[in-house]
Amino acid sequence: MEITNLLNSIWFWIILVLLAVVIRDVFIQKSHTITHNFPIVGHIRYWLEQIGPELRQYIVANNREELPFNRQERSWIYASSKNENNLQGFGTDQDFNTPGYIFIKNAMMGYNPPADHLSKKNPGVIPATKVIGLYHKRRRPFRPYSVINISGMSYGSLSAKAVEALNKGAKIAGCYHNTGEGSLSPYHQFGADVVLNIGTAYFGVRELDGTFSMQKLKQKVEENPQLRAIELKLSQGAKPGKGGMLPASKINQEIAAIRNIPLGKDAMSPAFHSQFKTVPEMVDFIEAMAEETGIPVGIKSAIGKLEQWEELASHMVKTGKGPDFITIDGGEGGTGAAPHAFADHVSMPFSFAFAKIYQIFQRHELTDKIFFIASGKLGFPEKALMAFAMGADSINVAREAMMSIGCIQAQKCHTNHCPTGIATSNKWLQAGIDITLKSERFYRYHYTLVKEIAEITHACGYEHPSQMTMDDIELSMGDNNRTMTLAKAYGYHKTSIPYHDFNELVACPYLGGPDARNRLEIKAD
């Protein structure tokens, strides 16, 4: 009876398991010194280390100290996407003396839109002021319907349900959806405008041996009229000059067909392009793609050395050829996986990168001819307005878009164990994504972001954020009670772009956005 009671006792089994752990750690395993010397405590230590990020995220860190995105920023995105209260009470908890803190200078009497103004009917709509591809006379120029758009995130990097939710949300918002270098998938084709990203592996527009195929690119554009532009990716902020690899175990029949890669082999993304090695060769490649497809072609890059950017600007002046737009990706940008040294130390952060590149093209009198896209943690009203003041024509958001559909910043993108199902191919984890709900949440985030950008713009006395100047924003210089305008901090004034009113923007025959004319009259609920 006593033996039976003992076997039925939970303590007996707990002690047996602990004894087995001790025997294994002390006499069998050789790889972990800590668990060998302290079998039970060692495992507790490793477990605490494993859940350390979660403990710090929800218990230890305050509202403003986390990176990449602090709790206050994440909370604003979550509340905005759920149409909940995203306000804060009792004033700010920010330290105004923090170096680089942004001060936006409001006007004594701001801009009060008339009753029939678009911002009254639909505050979530701000079209871009420039038309992409007009200067180079592309056959199908493109004016983005929104100044806030979705940055490149590939199907494969993100799950099918996440990509579909973002695309459907982009259709409601009217913004475009960048495919990422994984090429155009079925999940990018639910009605939103699409920008086709082409990386070093030429996924989707290549032969099986990896060589670029102009015929496949031309066919893809002809068969998919929602493709409005091509973005040639030179590098991205989180890992410039670093290639990538999609392991064979993750390549199913669908991904192989989309990317035009063989099954059973690792898919390699080289560090650099094989189609060109010099600036003139790159420009020729851009012009060839634009001529064959008829749509604008631009480049995306992180910024480091500036010599070849000077060469590009000079070559554009000399030949009248070159990219229709330039996406400048700050070093603080995100990626699914990158070596820490690349993510932490290679390429300049957005503000320095953008200022240096903009000034190069300004000296060559090209800034009014190129559409500048800004990227790198800019999916918040104050940061977006700083980018517009510096000369950006639109903003691309990636991780902020992911958070709007449920990302919790678990930072497990590189493990295929994303707990929210957004950055994983695991079908079980993806099952928690309700596409209809998540697409609405991205739309709500986009709507709120654009609405608050417009409200601050009006407080500054302007109708459109592109009218913001380098003198409209000041940066804190630290605890010395001094501030400095963007113009003085970065040493330039942006080029003034002709602007009349919203009516001119929305009357543009090249305006993007599915059913754009109809949506302008829809008042957001």
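Below, each value reflects all heavy atoms present in this structure, side chains not excepted, and no hydrogens, waters or symmetry copies.
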**OP:** Mark yes or no for whether T469, through its side chain, and D471, through its backbone, hold a donor-acceptor pair below 3.5 Å.
**Re:** yes

Original post:
With a 4.5 Å limit on heavy-atom distance, are the side chains of E382 and I473 in contact?
Top reply: no

Original post:
Should F380 and E400 count as side-chain neighbours, where that means a heavy-atom distance under 4.5 Å?
Top reply: yes

**OP:** State the CZ-OG distance between F371 and S394, to the nearest 0.5 angstrom.
**Re:** 4.0 Å

Original post:
Does any N or O in the side chain of R143 come within less than 3.5 Å of the main-chain N or O of P509, such that one atom is a donor and the other an acceptor?
Top reply: no

Subject >> Separation of L158 CG from I422 CD1 (nearest 0.5 Å) >> reply: 8.0 Å

Original post:
Hey, mind stepping through T179 and N197 against side-chain hydrogen bond (donor to acceptor under 3.5 Å, both in side chains) and telling me if it holds?
Top reply: CA-CA 6 Å; T179 65; N197 182 295; 5.6 Å; no

Original post:
Where do R441 and K438 land on the side-chain contact (heavy atoms from CB on, under 4.5 Å) test, with the steps shown first?
Top reply: CA-CA 5 Å; R441 287 190 177 176; K438 298 302 185 181; 3.6 Å; yes

Subject >> Which atom of G133 lies closest to which atom of D324, heavy atoms considered >> reply: CA-OD1, 3.4 Å

Original post:
What is the ring orientation for Y490 with F352, classed by angle as parallel under 30°, tilted 30 to 60°, or perpendicular over 60°?
Top reply: perpendicular

Original post:
Between atom OG of S439 and atom CZ of R444, what is the distance when rounded to the nearest 0.5 Å?
Top reply: 11.5 Å

Original post:
With side chains defined as the heavy atoms from C-beta onward, is the minimum distance between M153 and R399 less than 4.5 Å?
Top reply: no

Original post:
How many angstroms lie between CG in L475 and CE in M386, if you round to the nearest 0.5 Å?
Top reply: 7.0 Å

Original post:
Between S404 and A401, is there a donor-acceptor pair closer than 3.5 Å when you use the side chain of the first and the backbone of the second?
Top reply: yes

Original post:
Do any N or O atoms from the side chain of T457 and from the backbone of Y462 form a donor-acceptor pair under 3.5 angstrom?
Top reply: no

Original post:
Can you tell me how far CD1 of I148 sits from CG of L449, rounded to the nearest 0.5 angstrom?
Top reply: 4.5 Å

Original post:
Should we say atom NZ of K356 is surrounded by more than 12 heavy atoms from elsewhere, each under 6.0 Å from it?
Top reply: no

Original post:
So, does N224 use its side chain to make a donor-acceptor pair with the main chain of Q226 at under 3.5 Å?
Top reply: no

Subject >> Nearest heavy atoms of I104 and C460, plus distance in Å >> reply: CG2-SG, 3.5 Å

Subject >> Check: V131 and F142 side chains under 4.5 Å, non-hydrogen atoms >> reply: no

Original post:
Nearest heavy-atom pair of I497 and T367: which atoms, and what distance?
Top reply: CD1-O, 4.4 Å

Subject >> Within the 6.0 Å centroid threshold, strictly below: Y155 and Y187 >> reply: yes

Original post:
Is the shortest distance from a Lys or Arg side-chain nitrogen in K105 or D472 to a carboxylate oxygen in the other one below 4.0 Å?
Top reply: no

**OP:** Please report the C-alpha distance between C418 and L429 in whole Å, then the side-chain angles of each, then the deciding distance to 0.1 Å, and finally whether the side-chain contact (heavy atoms from CB on, under 4.5 Å) criterion is met.
**Re:** CA-CA 8 Å; C418 170; L429 294 172; 5.7 Å; no

Original post:
Heavy atoms, side chains only, cut-off 4.5 Å: are T327 and N396 in contact?
Top reply: yes

Original post:
Nearest 0.5 Å, what's the CD1-OG distance between I303 and S235?
Top reply: 7.0 Å

**OP:** For the residue pair Y499 and E463, confirm or rule out a side-chain donor-acceptor distance under 3.5 Å.
**Re:** yes

Original post:
Can you check whether M403's main-chain N or O pairs, donor with acceptor, with R74's side chain at less than 3.5 Å?
Top reply: no

**OP:** Would you indicate whether the side-chain heavy atoms of R228 and R140 approach each other to under 4.5 Å?
**Re:** yes

Original post:
What's the shortest heavy-atom distance between G421 and Q430, and which atoms?
Top reply: O-CG, 3.6 Å

Original post:
Would you find a donor on one side and an acceptor on the other, under 3.5 Å apart, between the side chain of S146 and the backbone of N149?
Top reply: no

Original post:
Angle class for the Y445/W76 ring planes (parallel below 30°, perpendicular above 60°, tilted otherwise)?
Top reply: perpendicular

**OP:** Assign the ring pair H177 / H188 to parallel, tilted or perpendicular, where the plane angle (0 to 90°) is split at 30° and 60°.
**Re:** tilted

**OP:** Test N178 against E231 for side-chain hydrogen bond (donor to acceptor under 3.5 Å, both in side chains), laying out the working first.
**Re:** CA-CA 8 Å; N178 190 304; E231 183 179 74; 2.9 Å; yes

**OP:** Give a yes or no answer on whether the side chain of Y358 reaches the backbone of T495 with a donor-acceptor pair at less than 3.5 Å.
**Re:** yes

**OP:** Spell out, as yes or no, whether a donor-acceptor pair under 3.5 Å connects the side chain of D501 to the backbone of E504.
**Re:** yes

Subject >> Close side-chain approach of E455 to E452, heavy-atom, < 4.5 Å >> reply: yes

**OP:** Kindly give the heavy-atom pair with the smallest separation between I456 and P381, and that separation in Å.
**Re:** CD1-CB, 4.0 Å

**OP:** Under the side-chain contact (heavy atoms from CB on, under 4.5 Å) rule, what do L486 and M390 come out as? Steps first, then yes or no, please.
**Re:** CA-CA 8 Å; L486 290 178; M390 294 176 70; 4.0 Å; yes

Original post:
Under the 3.5 angstrom rule, does the side chain of K494 hit a backbone N or O of F388 as a donor-acceptor pair?
Top reply: yes

**OP:** Indicate the ring-plane relationship of F354 and F372, choosing parallel, tilted or perpendicular according to the 30° and 60° boundaries.
**Re:** perpendicular

Original post:
salt bridge (Lys or Arg N to Asp or Glu O under 4.0 Å) between K383 and E73: does it pass, once the steps are laid out?
Top reply: CA-CA 12 Å; K383 293 180 180 179; E73 291 171 328; 3.0 Å; yes

Original post:
Which heavy atom in A170 sits nearest to a heavy atom in I150, and how many Å separate them?
Top reply: CB-CD1, 3.9 Å

**OP:** Under the side-chain contact (heavy atoms from CB on, under 4.5 Å) rule, what do I328 and S301 come out as? Steps first, then yes or no, please.
**Re:** CA-CA 6 Å; I328 297 175; S301 183; over 6 Å; no

Subject >> V125 side chain near Y145 side chain, heavy-atom distance below 4.5 Å >> reply: yes

